[in-house]
Amino acid sequence: MTSLIAGISSEDLAKKISKKLKANLVKSEVRIFPDGESKITLKGKISKSKSIVVQSIYPPVDTNLIQTLSLISKVKEQSREVEVVVPYLGYARQDREFLPGEIVTMKVIGKLFKGAGATRIIVVDVHSTMGLKHFKIKAQNLSAIPDLVNYFKKIKLKNPLVVSPDQGGKERAKQFAQLFGSDYIALQKKRDRKTGRVQIETKGLDEVKGRDLILVDDMISTGGSIIKSTEFLKKQKCNRIFVACTHALLINDAEKKIRKAGVSAIISANTIPGKTSVVDVSNTIAKALK
Ligand code: R5P
């Protein structure tokens, strides 16, 4: 029987996936020492043939990363195959050298996963699939968009329009709109590579006037992209704005600031547990693992 190891950052999601796969759930117990080190103990037997490790790498990113690698390494001592589900893959935005001298951290992580013993990695809505090329093992990116769309189909909206905050998210917005049955547009966003500040460069937009909008993004970190987009769209006299995103990191008071900017609701997936994470992706993940 396949063992499914639940890392503590994804306990609930791992439990849901293991039920769907009828796998043997192995919990992990973690003690964080005063100096920040993690000490992990596995609470169950590991299969000799195949194990699945489920652990998201959200903040504290480095702690969750070392825990993931430790789990892989320990499980590999028993199991021939170690498949790793990382619902949210931190560092995925560092997939290329934007400024000279920058380290492509995804390349480092790719080597670490392979070195620890992972034979396959599955992620959900990774920032860009370019990052997965640094993993020299089987790598698969799943989409939470169909699950998010199903949630939005239950909300009554006025002449809805799907909006991507930037051109990079255009395909995602298109996929959402096609499944949802609406039009979509993508704004022009510019991010200062040094300060990280964002600015919307799109000028007037008549087509949003009076309509309910669904802002679709892969992730919310500081909320800067969503806040700037919302401020712009509100000036164009749209009706309500909803946010659909896969990974809601919502660093510091991002949620409060987004609400203050005028967003009616943030709906995210349970790749990162939290108040807004109402869309369950366990079925999508379990299907890919079968
Ligand atoms: C950027 O291209 C991504 O798709 C997100 O829009 C971005 O990473 C979100 O970050 P923040 O919330 O800090 O603007």
Side-chain angles (χ1 to χ4, degrees), residues 56-61 64 86-99 102 104-106 109 123-133 141-145 147-149 162-177 184-202 213-234 241-269 271-277 279 281:
S56 237
I57 303 181
Y58 55 79
V61 171
N64 284 330
V86 187
Y88 170 70
L89 178 61
Y91 283 109
R93 288 181 290 181
Q94 298 187 38
D95 55 2
R96 67 199 87 173
E97 197 176 318
F98 292 102
L99 296 175
E102 278 182 358
V104 181
T105 314
M106 278 303 270
I109 294 179
V123 294
V124 183
D125 288 326
V126 68
H127 178 65
S128 92
T129 46
M130 187 187 232
L132 293 182
K133 299 213 169 82
N141 179 40
L142 307 176
S143 172
I145 295 292
D147 295 314
L148 287 164
V149 167
V162 172
V163 183
S164 166
D166 51 44
Q167 294 294 314
K170 199 171 177 173
E171 276 309 306
R172 190 177 303 118
K174 183 177 173 190
Q175 189 199 355
F176 193 110
Y184 72 96
I185 54 166
L187 305 180
Q188 297 277 359
K189 178 184 95 178
K190 196 172 155 203
R191 187 185 288 275
D192 185 310
R193 286 277 158 218
K194 284 202 174 116
T195 62
R197 288 185 65 169
V198 295
Q199 156 184 349
I200 299 298
E201 293 190 319
T202 307
L213 307 179
I214 307 173
L215 261 176
V216 177
D217 212 344
D218 58 333
M219 60 185 286
I220 305 173
S221 180
T222 63
S225 305
I226 294 297
I227 291 167
K228 291 287 178 197
S229 306
T230 301
E231 287 169 353
F232 168 75
L233 294 162
K234 285 278 171 189
I241 300 180
F242 294 84
V243 172
C245 83
T246 306
H247 315 292
L249 287 169
L250 297 169
I251 303 300
N252 298 330
D253 53 353
E255 191 191 348
K256 212 167 133 198
K257 289 196 284 190
I258 291 172
R259 297 296 297 239
K260 206 170 149 218
V263 167
S264 301
I266 305 170
I267 306 300
S268 65
T271 53
I272 297 175
K275 240 183 25 210
T276 63
S277 310
V279 173
V281 289

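Indexing begins at 1, ligand by ligand and atom by atom, following the structure's order. The shown structure was predicted, so the numbers you read here are calculated from the model rather than taken from an experiment.
For ligand 1 and Arg191, the ligand atoms under 4.0 Å from any heavy atom of the residue are 7 (C), 10 (O), 11 (P), 14 (O). For ligand 1 and Gly224, the ligand atoms under 4.0 Å from any heavy atom of the residue are 11 (P), 12 (O), 14 (O). Counting atoms of ligand 1 from 1 in the listed order, those under 4.0 Å from a heavy atom of Ile220 are 12 (O). Applying the 4.0 Å criterion to heavy atoms of Arg93 picks out, from ligand 1, the atoms 7 (C), 8 (O), 10 (O). Near Met219, meaning under 4.0 Å from one of its heavy atoms, ligand 1 places the atoms 5 (C), 8 (O), 9 (C).
Closest to atom 13 (O) of ligand 1, if we only count protein heavy atoms, is Thr222 OG1, 2.5 Å. From the protein, the heavy atom lying nearest to atom 14 (O) of ligand 1 is Ser225 OG, 2.6 Å. Closest to atom 2 (O) of ligand 1 among all protein heavy atoms lies His127 CE1, 3.4 Å. In terms of protein heavy atoms, atom 6 (O) of ligand 1 is closest to Asp217 OD2, 2.6 Å.
In plain terms, the two heavy atoms of Leu215 and Ile241 that are nearest each other are CD1-CG2, 3.9 Å. When every heavy atom of Thr246 is checked against every heavy atom of Thr271, the shortest pair comes out as O-OG1, 3.3 Å. In plain terms, the two heavy atoms of Ile200 and Pro165 that are nearest each other are CD1-O, 4.0 Å. In terms of heavy atoms, Phe98 sits closest to Arg93 at CE1-O, 3.5 Å.
The residues Lys275 and Glu255 are annotated as salt-bridged, a charged nitrogen and a carboxylate oxygen being separated by less than 4.0 angstrom.
Between Gly223 and ligand 1, at least one N/O pair is under 3.5 Å apart.
Residue Arg96 places its CZ atom among more than 12 non-hydrogen atoms of other residues, nucleotides or ligands, all under 6.0 Å distant. Under a cut-off of 6.0 angstrom, the local environment of NZ in Lys189 is crowded, with over 12 non-hydrogen atoms contributed by other residues, nucleotides or ligands.
Residue contacts with ligand 1, taken as heavy atom pairs separated by less than 4.0 Å, involve Asp218 solely via side-chain atoms from C-beta onward. When heavy-atom distances to ligand 1 are checked against a 4.0 Å cut-off, Asp166 comes that close only through its side chain, counted from C-beta outward. Here Lys189 has side-chain heavy atoms under 4.0 Å from ligand 1, and that is the only part of it that gets that close.
The shell of residues lying under 4.0 angstrom from ligand 1, judged by heavy atoms, excludes Val198.
Side-chain contact between Thr230 and Ile258 is absent, with no heavy atoms from C-beta onward closer than 4.5 Å.
Of the candidates Arg172, Lys228, Lys170, Arg172 is the only one forming a salt bridge (charged side-chain N to carboxylate O under 4.0 Å, His left out) with Asp217.
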